[in-house]
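Accompanying notes for the structure given below.
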Amino acid sequence: MKIIETRALENGAHRNQEFYGSFVPQVPNGWAVIPEDMPIPDTFPFVDIEVENGVVTAMTAGVVPEPEPVPEPPPTAMERVEAQVAYTAMMTDTLIEEV
């Protein structure tokens with residue numbers, strides 16, 4: 001049994017839970033049961049749903065947001081020292097050329 005929160009989150013996704021076996025939970029307010037035979041779009045949980053009497057009657061594909069880029073980590077202490085050494089060497093014209 002699969003249930004879904006009827007209100008979407010800010011990003012368009014719906015919280016959902018799946019239960020296995022003979023355990024049948026009481027469906028909380030604001031949630032609905034997804035029928036076993038209902039096709040689930042590839043964009044799940046980013047879907048648009050229609051609910052009637054606590055049961056999902058229609059589910060269509062929603063828009064999956066693009067992931068936010070992960071910022072680059074700040075330079076390590078060693079990288080900062082190496083950059084300072086290279087800068088000082090270039091400014092004092094003492095940079096050693098690689099052979």
### Query
Between Ile4 and Ile49, what is the shortest heavy-atom contact and its length?
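Minimum heavy-atom contact is CG2-CD1, 4.1 Å.
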Please table the atom pairs, donor to acceptor, closer than 3.5 Å between any side-chain atom in residues 9-18 and protein atoms at least two apart or in another chain.
from	atom 1	to	atom 2	distance (Å)
Asn11	OD1	Ala13	N	3.0
His14	ND1	Glu5	O	2.7
His14	NE2	Val47	O	3.1
Asn16	ND2	His14	O	3.2
Glu18	OE1	Tyr20	OH	3.4
Glu18	OE2	Tyr20	OH	3.4

For residues 25-44, run the donor-acceptor check on the side chains, cut-off 3.5 Å, and write out each pair with its distance to 0.1 Å, sequence neighbours left out.
from	atom 1	to	atom 2	distance (Å)
Glu36	OE2	Met1	N	3.4
Thr43	OG1	Phe46	O	2.7
Thr43	OG1	Gly62	N	3.2

#### Entry: Those residues that, when tested against Phe19, pass ring pair (Phe, Tyr, Trp, His ring centres under 6.0 Å) (two or more places apart)
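Phe19 satisfies ring pair (Phe, Tyr, Trp, His ring centres under 6.0 Å) with Phe23 only.
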### Residue pairs involving residues 63-78 (criterion salt bridge (Lys or Arg N to Asp or Glu O under 4.0 Å); sequence neighbours excluded)
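Passing the test, one end in residues 63-78: no pairs.
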### Task
Could I get the full list of side-chain contact (heavy atoms from CB on, under 4.5 Å) partners for Thr60, not counting sequence neighbours?
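Per chain and number, Thr60 pairs via side-chain contact (heavy atoms from CB on, under 4.5 Å) with Asp48.
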### Those residues that, when tested against Thr88, pass side-chain hydrogen bond (donor to acceptor under 3.5 Å, both in side chains) (two or more places apart)
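Per chain and number, Thr88 pairs via side-chain hydrogen bond (donor to acceptor under 3.5 Å, both in side chains) with Gln84.
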